[in-house]
Protein chains: 2
Amino acid sequence: MTARTPSLTPTLTPGSVPAPARRPRADAVRNRALIVETARTVFTARGSDASLEEIARGAGVGIGTLYRHFPTRDDLVAAVFRERIDELQALGEQLLASDAPGEALATWLHEQLVQAATCRGLAAEAMLTMLGQHDEPSPCESMRQAGAALLARAQAAGDVREGVEIDDLVRMVQAVSLAAEESDDPGSAERLFGFLLDGVRAR
Amino acid sequence: MTARTPSLTPTLTPGSVPAPARRPRADAVRNRALIVETARTVFTARGSDASLEEIARGAGVGIGTLYRHFPTRDDLVAAVFRERIDELQALGEQLLASDAPGEALATWLHEQLVQAATCRGLAAEAMLTMLGQHDEPSPCESMRQAGAALLARAQAAGDVREGVEIDDLVRMVQAVSLAAEESDDPGSAERLFGFLLDGVRAR
DNA sequence: ACCTGAACACCGTTCAAGT
DNA sequence: ACCTGAACACCGTTCAAGT
């Protein structure tokens, strides 16, 4: 969000290495991990608008340290869900080996639904935000491509209709999760998910 | 949210009128309307987490006046969307006269989609919140019943499959709107809405 | 009865001073 | 290089004092 001063100065000599890639200090590594872990706990307990101060306090670090590692709130949220994104990517690549393309896609999307519910809907919000910024080769982008491959295969097999895009599907699953969250009916999410699948199925 | 002191004192005599139902002061009525109108404008411009102070300032009243009329933020949001809810109810009742039950439901749901996009997704959030609290005979509850009648008719005509509930449908439409909001593809909402309709159609 | 705005609490964010 | 926490800004919410 915040614009940073461009670091590319004209004094950069042609042969110079772009980034020194120093190894970070051990306490910094530990603090970073502690903050992420605490954030996960606090987000689960308090929801998406938990206080950053509470997270810093819980991790036993100063608020400045939290900001040093995660300049924006989104950066922290992204770090919290990084593992889940990687898991979804791995699952997607695994499912490409399945011999039932339609079912494989459904399984992957259902896992998206399960993940979306973590941290009281924060996971779903984070996913929607991340899907909006598919510029650089981010972990989310890799996950997206795994899903796209599953979808293409399901379409080629005639299981899913044409015109459906992977972003639509993933977005819809997050939306289903968000919409079902406030419902008093516990089966709501699964039922809505079923409608979604039926809607994209080839007929 | 905040618990209030119970006002029901034992001195209440059996024959006493429960509420005097006084006519409110003219300036109070005007202020209330001004606050709601300003809130709509500010929510549209700044999104769902607009400052209440800005709304009060824009309406030309003290912050205390805003709180007097709307004890919680949700109360103000509900007031902002009250008219839309009433419109949806009226439209639903009108559409019951149509001779194409499936199409009538689709038209009503599409109007839900259009409404959901107002105030940068705040309308969708508000609708989801309101659907969660269907206790008293609220305006939202009347709207819900109009939709339920449309759905029942579409199901009786064999246009929509059984097992679908009106809350599911309305929630899904809000979900579609929320999911499409952050997308860079402008046709996203309509495409997802189309999938939703196909998913609930009888086959 | 209603309005006002000062007062308090809480949180986000920055930054000078430390190690 | 990294950490700390005081300092500042901003907003939500309440309430005593006004009309």
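Residue numbers start from 1 in every chain, and the chains themselves are labelled A, B, ... in the order their sequence lines are given, proteins ahead of strands.
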Name each donor-acceptor pair under 3.5 Å that joins a side chain in residues 26-35 of chain A to protein atoms two or more places apart or in another chain, with its distance.
{"residue": "A:Asp27", "atom": "OD1", "partner": "A:Arg25", "partner atom": "NE", "Å": "3.1"}
{"residue": "A:Asp27", "atom": "OD2", "partner": "A:Arg25", "partner atom": "NH2", "Å": "3.0"}
{"residue": "A:Asn31", "atom": "ND2", "partner": "A:Asp27", "partner atom": "O", "Å": "3.4"}

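The pair A:Arg191-A:Asp185 meets the salt-bridge criterion, with a side-chain N (NZ, NE, NH1 or NH2) lying under 4.0 Å from an Asp/Glu carboxylate O.
Nearest-nucleotide mapping onto DNA chain D: of A:Arg68 and A:Gly64, the residue sitting toward the 5' end is A:Arg68.
Evaluation of the side chain to side chain donor-acceptor pair (under 3.5 Å) rule for B:Gln94 yields no partner, not counting sequence neighbours. In this view, B:Arg73 satisfies the side chain to side chain donor-acceptor pair (under 3.5 Å) rule with no residue, not counting sequence neighbours. Take B:Glu141 and apply the side chain to side chain donor-acceptor pair (under 3.5 Å) test, not counting sequence neighbours, and it matches B:Arg144.
The separation between B:Leu34 atom CG and C:dC2 atom P is 16 Å, rounded to whole Å. Taking atom CZ of B:Arg30 as the reference point, atom P of C:dC3 lies 9 Å away to the nearest angstrom. For the pair B:Asp27 CG and D:dG18 C1', the computed distance is 14 Å after rounding to whole Å. Rounded to whole angstrom, the span from the CG atom of A:Leu66 across to the P atom of C:dT14 amounts to 12 Å.
Listed pair B:His69 / C:dC3 meets the phosphate criterion, a side-chain N or O lying under 4.0 Å from OP1 or OP2. In this model, the phosphate group of C:dC2 is not approached by any side-chain N or O of B:Asn31 to a distance below 4.0 Å at OP1 or OP2.
Between the side chain of B:Gln155 and the main chain of B:Arg161, a donor-acceptor pair closer than 3.5 Å is present. Of the possible donor and acceptor atoms, one in the side chain of A:Asp159 sits under 3.5 Å from a partner among the backbone N and O of A:Gly102. Here the side chain of B:Arg120 pairs no donor or acceptor atom with the backbone of B:Phe43 at under 3.5 angstrom.
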Under the rule of Watson-Crick or G-U wobble with both distances under 3.5 Å, where | means paired to another strand and [ ] a crossing pair, DNA chain C maps to ||.|||||...|||||.||
Protein-proximity profile, nucleotides 7-13 of chain C, B/S/- by nucleotide at the 4.0 Å heavy-atom cutoff, equals ----SBB
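Counting heavy atoms from C-beta on, the side chains of A:Arg84 and A:Val114 never come closer than 4.5 Å.
In the set D:dT4, C:dC3, C:dT4, the nucleotide with an atom closest to the side chain of B:Ala28 is C:dC3.
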